[in-house]
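Structure record follows, encoded as structure tokens.
Residue numbers run from 1 in the order of the sequence given. Just so it is clear, the values below take in all heavy atoms, side chains as well, and ignore hydrogens, waters and symmetry mates.
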Amino acid sequence: MYMLARHVGAGRFFLMPDDVKDMPNAYRAYHAERIDEIRGDLKYLGYDEVHRARGSSMVTKQFIAEMETAARESRKWNLGIGLWSQTIDDFPPIMVDLATSIYILGSGTAENAKKLQERFDFSDAARIELQHISKPSAAGASCLAVFRTDRGMCVQLLTNTLGVQARWAFSTTAEDRYVRDALYARLGSKRTLKLLSERYPNGVKAVLEQRKTAVEERGLGSDSQDFKKELIDDLLRLANESGQEGLAR
């Protein structure tokens, strides 16, 4: 799959001026200009779930060999390569050695943090920060970035923050998705994101749990009660009321 997608989507990345002589005469001028344009563009190949390429099969070995060749000759092709996976062992060693930018989204355990420290030779302070990186939250998403430059290695803790509406748009929490998608269908994306960001900037999971707890504390059964639907109905009424106020003005 990786090799087929690479051929279909990026085969033209690797054309060189000398390849024109192997083409039919009628098309050489067109391809010569096209190749010149392609070589001037910065190109990018990204491979997700690289652990799927581990193994001893001939196809896997060929794929890894192709990646290594592209990495070694990337400057000639004006090519950037990105790889993503869960552990450092998933990546071919040569790709790790040639990488100029490494982003570590967490270590999981102290043992893994120590292993990464030894592999990339960063400080104890950086290792400790790595152990404290947690999943993304309203405060942002952090990573330990390792940059290899001509002037040496730079290691920094980076945090990417988003506005409330962007957090709502990209939320993968099951409760947030359910409420957001239901409102999208009724209000459209713009009104939905504005409403949710103003009313529940930190998501709805905690709100739903509070509603359920309040019902149980009153001695009422909550198993058959659809708190998500109730919340959606409340938000739709709120949107309708605000819309009517706008018309009145």
Between Asp89 and Lys115, is any pair of side-chain heavy atoms under 4.5 Å apart?
yes
Is Leu162 reachable from Trp168 through a run of hydrophobic residues whose side-chain heavy atoms are each under 4.5 Å from the next?
no
Salt-bridged, Glu241 to Arg237, with N to O below 4.0 Å?
no
Using the test salt bridge (Lys or Arg N to Asp or Glu O under 4.0 Å), find all partners of Arg151 that sit at least two apart in sequence or belong to another chain.
none
Side-chain touch Asp19/Phe14, heavy atoms, less than 4.5 angstrom:
no
Taking the side chain as every heavy atom from C-beta outward, state whether Thr192 and Asp181 have any pair of such atoms under 4.5 Å apart.
no
Suppose we screen for ring-ring contact (aromatic ring centres under 6.0 Å, His included). Which residues come up paired with Phe13, at least two apart in sequence or across chains?
none
With a 4.0 Å cut-off, would you call Asp234 and Arg211 a salt bridge?
yes
Here's one to test your reading of the geometry: is the NZ or CZ of Lys212 within 45 degrees of the ring axis of Phe227 and under 6.0 Å from its centre?
no
Please verify the inter-ring angle class for Phe120 with Phe122; under 30° counts as parallel, over 60° as perpendicular, anything in between as tilted.
parallel
Shortest non-hydrogen pair, Lys43 vs Asp41, comes out as NZ-O, 2.7 Å
If we only count heavy atoms from C-beta on, is the Leu196 to Val179 side-chain gap below 4.5 Å?
yes
Test ring-ring contact (aromatic ring centres under 6.0 Å, His included) applied to Phe147 - qualifying residues, sequence neighbours left out:
Tyr103
Hey, are the side chains of Ser171 and Arg177 touching, using non-hydrogen atoms and a 4.5 Å cut-off?
no
Residue pairs involving residues 122-132 (criterion salt bridge (charged side-chain N to carboxylate O under 4.0 Å, His left out); sequence neighbours excluded)
Asp124-Arg127
Pair Asp90 + Arg52, salt bridge at N-O below 4.0 Å:
no
Mind jotting down which residue pairs meet the salt bridge (charged side-chain N to carboxylate O under 4.0 Å, His left out) criterion with at least one end in residues 66-79? Sequence neighbours excluded, please.
Arg6-Glu66, Glu73-Lys76
To which residues is Leu15 joined in a hydrophobic cluster, defined by side-chain heavy-atom contacts under 4.5 Å among Ile, Leu, Val, Met, Phe, Trp and Tyr, whether direct or through other members?
Val20, Met23, Ile35
Below 4.5 Å, heavy atoms only, C-beta onward: do Ile81 and Leu79 meet side chain to side chain?
yes
When Tyr47 is tested against each of Phe91, Tyr2, Trp84 for ring pair (Phe, Tyr, Trp, His ring centres under 6.0 Å), which residue passes?
Tyr2
Are Arg119 and Asp97 ion-paired here, with the side-chain N under 4.0 Å from a carboxylate O?
yes
